[in-house]
> 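I am attaching a structure below and will ask some questions about it afterwards.
We count residues from 1, following the sequence as given. No experiment lies behind these values; they were computed from the predicted model shown.
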Amino acid sequence: GLASKGDFSRQGEDLDPLSEPGLARLLTLAAWAPEIQISEKNGELEVVGNPTDLALAVAAKKAGAPAMDASKIEVDLPFSSARKMACLVIRDAEGELDANVRGAPEMLLDRCTTYWTKNGPHTLDDAARDRFKSLAIEWGGDAMRVVALASRRGPVADSSEWEKDLTLVGLVAIVDPPRQEVKAAIEQAQAAGIKTSLFINANKRQLDAAAQTGTDIVELHTGAYAD
């Protein structure tokens, strides 16, 4: 939600997210989204921007992760539907360059060669990659929006290298249910003789999940699956 404070837990137990290196690193990456705006008023957050980036940044803010410093961004490769990822190259306090990459798991995982563990980076072999892909598919099947976050330490010989040989920091699943008023609005439209369609950019399992939300009066279309 948009309350300025939030709780973190694991298996019902309260958790300090910044006390765990892996989770702290994930939330630090989540804070970096230059196209959004977040302000606070009367204990509530006021937000403008892409919903996915906002969800990540709000989680980071609630955890107390370091805020983004736009002056440290050296390269900004925005999200595109072809690449399905976005990349920021950031200069850290030591003057070194790091890439912060986020995007669709099915695209990002194939660009990762290591993944982050509590003991630091570990080789991402095919078995581990398949486990992450399966988890992303499972979450997507529950109608959640899944984002992969990864990083890379510079320097690189060419700017295209920033999105290669990445270290997967983690997957984030965002609960993204239809608003309560959507079903009633669609019912009213159909009662008036209006044909309704839901246009959604999602994978097949997310489409199946969306079709099971109780709104059985819409037709689902997506670029990959529409006839």
Side-chain angles (χ1 to χ4, degrees), residues 2 4 6 8 17-41 44-117 120-121 124 132 136 145-174 176 201:
L2 294 179
S4 60
F8 291 77
L18 300 186
S19 68
E20 300 202 5
L23 185 53
R25 185 174 180 83
L26 180 73
L27 290 165
T28 297
L29 295 185
W32 288 81
E35 288 80 20
I36 67 170
Q37 299 176 29
I38 300 178
S39 59
E40 186 174 341
K41 184 178 181 180
E44 291 287 321
L45 298 177
E46 298 182 344
V47 299
V48 178
N50 176 275
T52 299
D53 286 341
L54 284 169
L56 294 171
V58 166
K61 184 176 180 62
K62 290 183 178 184
M68 180 189 70
D69 181 353
S71 68
K72 295 182 178 181
I73 298 175
E74 297 286 337
V75 178
D76 184 353
L77 302 175
F79 181 91
S80 73
S81 57
R83 290 166 52 248
K84 293 187 178 181
M85 66 183 70
C87 175
L88 294 176
V89 179
I90 303 160
R91 191 171 297 278
D92 65 18
E94 289 74 38
E96 300 293 334
L97 294 176
D98 293 296
N100 174 343
V101 187
R102 64 181 63 187
E106 65 269 21
M107 299 296 287
L108 220 60
L109 281 166
D110 287 337
R111 294 171 177 258
C112 293
T113 54
T114 57
Y115 67 100
W116 193 261
T117 73
L124 183 67
F132 283 116
R145 186 178 305 175
V146 186
V147 183
L149 299 180
S151 63
R152 171 169 178 161
R153 190 74 166 170
V156 297
D158 182 83
S159 60
S160 64
E161 299 296 316
W162 284 118
E163 295 177 346
K164 299 178 181 177
D165 296 327
L166 300 171
T167 296
L168 177 70
V169 179
L171 302 179
V172 179
I174 303 169
D176 191 21
N201 182 17

> May I have the list of side-chain donor-acceptor pairs in residues 162-171 shorter than 3.5 Å, sequence neighbours left out?
from : atom 1 : to   : atom 2 : distance (Å)
E163 : OE1    : R83  : NH2    : 3.4
E163 : OE2    : R83  : NH2    : 2.2
T167 : OG1    : T114 : OG1    : 2.6

> Of all residues at least two apart in sequence or in a different chain, which pass the side-chain hydrogen bond (donor to acceptor under 3.5 Å, both in side chains) check with S71?
D69
> Answer yes or no: is there a side-chain heavy-atom contact under 4.5 Å between L54 and I36?
yes
> With a 4.5 Å limit on heavy-atom distance, are the side chains of S151 and R25 in contact?
yes
> Run D76 and E35 through side chain to side chain contact (heavy atoms under 4.5 Å, CB included) and show every step you take.
CA-CA 10 Å; D76 184 353; E35 288 80 20; 3.2 Å; yes
> Contact between L27 and L29 at the side-chain level, heavy atoms closer than 4.5 Å - yes or no?
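SC-SC contact between L27 and L29 ruled out.
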> What are the two closest non-hydrogen atoms of R145 and P51, and how far apart are they?
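Minimum heavy-atom separation between R145 and P51: NH1-CB, 4.0 Å.
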> Just distance, no hydrogens or angles: give the donor-acceptor pairs under 3.5 Å from side chains in residues 85-96, sequence neighbours left out.
from : atom 1 : to   : atom 2 : distance (Å)
R91  : NE     : E74  : OE2    : 3.2
R91  : NH1    : G95  : O      : 2.7
D92  : OD1    : E94  : N      : 2.9
D92  : OD1    : G95  : N      : 3.0
D92  : OD1    : E96  : N      : 2.8
D92  : OD2    : R153 : NH1    : 2.8
D92  : OD2    : R153 : NH2    : 3.3

> Over all heavy atoms of both residues, which pair between T28 and P66 is shortest? Give the atoms and the distance, please.
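Minimum heavy-atom separation between T28 and P66: OG1-CD, 3.8 Å.
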> Which pairs pass ring pair (Phe, Tyr, Trp, His ring centres under 6.0 Å) with one or both residues in residues 54-109, sequence neighbours excluded?
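Output for this query is empty, none listed.
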> Of the non-hydrogen atoms in P105 and A148, which two are nearest, and what is the gap between them?
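The pair with the smallest heavy-atom distance is CA-CB, 4.0 Å.
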> Do L26 and W116 come close enough that some side-chain heavy atom pair is under 4.5 Å?
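Counting from C-beta outward, L26 and W116 never come under 4.5 Å.
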> Apply side chain to side chain contact (heavy atoms under 4.5 Å, CB included) to L56 and W32, showing your working.
CA-CA 9 Å; L56 294 171; W32 288 81; over 6 Å; no
> Please list all pairs meeting salt bridge (Lys or Arg N to Asp or Glu O under 4.0 Å) that have one or both residues in residues 49-60, counting only residues at least two apart or in different chains.
D53-R102
> Between E46 and Q37, does the side chain to side chain contact (heavy atoms under 4.5 Å, CB included) criterion hold? Intermediate values first, please.
CA-CA 8 Å; E46 298 182 344; Q37 299 176 29; over 6 Å; no
> Any side-chain heavy atom of V147 within less than 4.5 Å of one from I174?
yes
> How about L149 and V101: do any of their side-chain heavy atoms sit closer than 4.5 Å?
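With C-beta onward as the side chain, the pair stays apart.
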> Do D158 and V156 have side chains that approach each other closer than 4.5 Å (heavy atoms only, starting at C-beta)?
no
> Under the rule for salt bridge (charged side-chain N to carboxylate O under 4.0 Å, His left out), what residues qualify as partners of E20, not counting sequence neighbours?
R10
> So do the side chains of R152 and D98 get within less than 4.5 Å of each other, counting heavy atoms only?
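In short, these two side chains do not touch, never coming nearer than 4.5 Å.
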